[in-house]
A.B. asks: 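I am attaching a structure below and will ask some questions about it afterwards.
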Amino acid sequence: MTETVVATAFWRRLDTEGHDCCALVQCADGWRLDGRAVFLHGDLPSALAYRVHCDPRWRTRGAEIDGSVGFERLSLDIRQTGADAWTVNGTAQPQAAGCIDLDLGFTPATNLIAIRRLQPGPNADTEAVAAYYLEFSQALGRIAQTYRRTSETTLAYVAPGHEYRAELVVARSGFVRHYPGLWTGEISEI
């Protein structure tokens, strides 16, 4: 099977200057997110390319992040090593053990992973505890999240540890179209 781009997204940040562009790619062995985020982190210009790999059932297998935050170079190889254990550049991340999904906090792209894997329904909160990339470090943490479908195009989203609650507008592909206070974007789908 050849690789096929099935959706693209272009987001604008609402909380600071910045943009993100991402493609959802169907591959022979699953799915991939290929993106680039350019934004201000504090007063530091930042540019990060990211690639996230998922199996056919939307379980995250790993990710690469490459770029810079200000003058600091950043190059990370994040791997799910089996039994839902994780490493960053070969170093074990026990605080993320047991997590299936990966959430890269600098992009809305990775919300798609839990949305596609869990397919939240309308009658109950669907929990998704994700390995969370701790902002511009060499470590992963955990983020508790819940999703509940409120209409065909909206999901109630809660991240309790981050004190964030919002109604996300979601495209058919699973990309978030509007993330109140954080992101808004245009989504193209085949």
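Keep in mind it's a predicted model, so treat the numbers as computed, not measured.
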A.B. asks: Taking atom types as modelled and ignoring hydrogens, do the side chains of Glu189 and Ser173 form a donor-acceptor contact shorter than 3.5 angstrom?
C.D. replies: yes
A.B. asks: For Val170 and Leu155, which heavy atoms make the closest approach, and how far apart are they?
C.D. replies: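 That would be CG2-CD1, 3.7 Å.
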A.B. asks: Sort out for me which residue in Ile113, Val129, Ile115, Thr110 forms a side-chain contact (heavy atoms from CB on, under 4.5 Å) with Asp101.
C.D. replies: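 The single option meeting the side-chain contact (heavy atoms from CB on, under 4.5 Å) with Asp101 is Ile113.
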A.B. asks: Please give me the minimum heavy-atom distance between Leu14 and Thr184, naming the atom from each residue.
C.D. replies: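 Looking at all heavy atoms of both residues, the shortest contact is CD2-CG2, 3.8 Å.
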A.B. asks: Is the closest basic N to carboxylate O distance between Glu152 and Arg172 below 4.0 Å?
C.D. replies: no
A.B. asks: Above 12 or not: heavy atoms from other molecules or residues under 6.0 Å from CZ of Arg116?
C.D. replies: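 Yes - once you tally the heavy atoms of other residues, nucleotides and ligands closer than 6.0 Å, there are more than 12.
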A.B. asks: For residues 65-75, which side-chain N or O atoms pair as donor and acceptor with protein atoms under 3.5 Å away, sequence neighbours left out?
C.D. replies:
{"residue": "Asp66", "atom": "OD1", "partner": "Arg73", "partner atom": "NH2", "Å": "3.1"}
{"residue": "Asp66", "atom": "OD2", "partner": "Arg73", "partner atom": "NH2", "Å": "3.0"}
{"residue": "Arg73", "atom": "NH1", "partner": "Gly67", "partner atom": "O", "Å": "2.8"}

A.B. asks: Considering non-hydrogen atoms only, spot the tightest contact between Trp86 and Cys99 and give its length.
C.D. replies: NE1-O, 3.0 Å
A.B. asks: Give a yes or no on whether the backbone of Thr153 and the side-chain of Ser151 come within a donor-acceptor separation of less than 3.5 Å.
C.D. replies: yes
A.B. asks: For Thr91, is there any backbone N or O sitting under 3.5 Å from a side-chain donor or acceptor partner on Gln93?
C.D. replies: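 Side chain of Gln93 to backbone of Thr91: a pair is present.
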A.B. asks: Mark yes or no for whether Ser46, through its side chain, and Leu44, through its backbone, hold a donor-acceptor pair below 3.5 Å.
C.D. replies: yes
A.B. asks: For Ala97, does its backbone N or O pair with a side-chain atom of Arg142 as donor and acceptor, under 3.5 Å?
C.D. replies: yes
A.B. asks: Between His41 and Phe136 (judged by ring centroids, cut-off 6.0 Å), do the two rings come close enough to count as a pair?
C.D. replies: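 They qualify: ring centres under 6.0 Å apart.
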A.B. asks: Check the hydrophobic clustering (I, L, V, M, F, W, Y; side-chain heavy atoms under 4.5 Å; chains of links allowed) and say if Trp11 and Val5 are grouped together.
C.D. replies: no
A.B. asks: Identify the heavy atoms of Leu33 and Ala109 that sit nearest to each other, and give their distance.
C.D. replies: CD1-O, 3.7 Å
A.B. asks: Side-chain atoms of residues 50-57: list all donor-acceptor pairs with protein atoms under 3.5 Å, sequence neighbours left out, distances to 0.1 Å.
C.D. replies:
{"residue": "Tyr50", "atom": "OH", "partner": "Asp20", "partner atom": "OD1", "Å": "2.8"}
{"residue": "Tyr50", "atom": "OH", "partner": "Asp20", "partner atom": "OD2", "Å": "3.1"}
{"residue": "Tyr50", "atom": "OH", "partner": "Thr107", "partner atom": "OG1", "Å": "3.1"}
{"residue": "Arg51", "atom": "NE", "partner": "Asp34", "partner atom": "OD1", "Å": "2.6"}
{"residue": "Arg51", "atom": "NH2", "partner": "Asp34", "partner atom": "OD1", "Å": "3.4"}
{"residue": "Arg51", "atom": "NH2", "partner": "Asp34", "partner atom": "OD2", "Å": "3.3"}
{"residue": "His53", "atom": "NE2", "partner": "Glu64", "partner atom": "OE1", "Å": "3.1"}
{"residue": "His53", "atom": "NE2", "partner": "Glu64", "partner atom": "OE2", "Å": "3.3"}
{"residue": "Asp55", "atom": "OD1", "partner": "Arg57", "partner atom": "N", "Å": "2.8"}
{"residue": "Asp55", "atom": "OD1", "partner": "Trp58", "partner atom": "N", "Å": "3.0"}
{"residue": "Asp55", "atom": "OD1", "partner": "Arg59", "partner atom": "N", "Å": "3.0"}

A.B. asks: At their closest point, which heavy atom of Ala139 faces which heavy atom of Gln95, and how far apart are they?
C.D. replies: CB-NE2, 4.2 Å
A.B. asks: Please list, chain by chain and in numerical order, all residues satisfying ring pair (Phe, Tyr, Trp, His ring centres under 6.0 Å) with Tyr157, sequence neighbours excluded.
C.D. replies: Tyr147, Tyr179
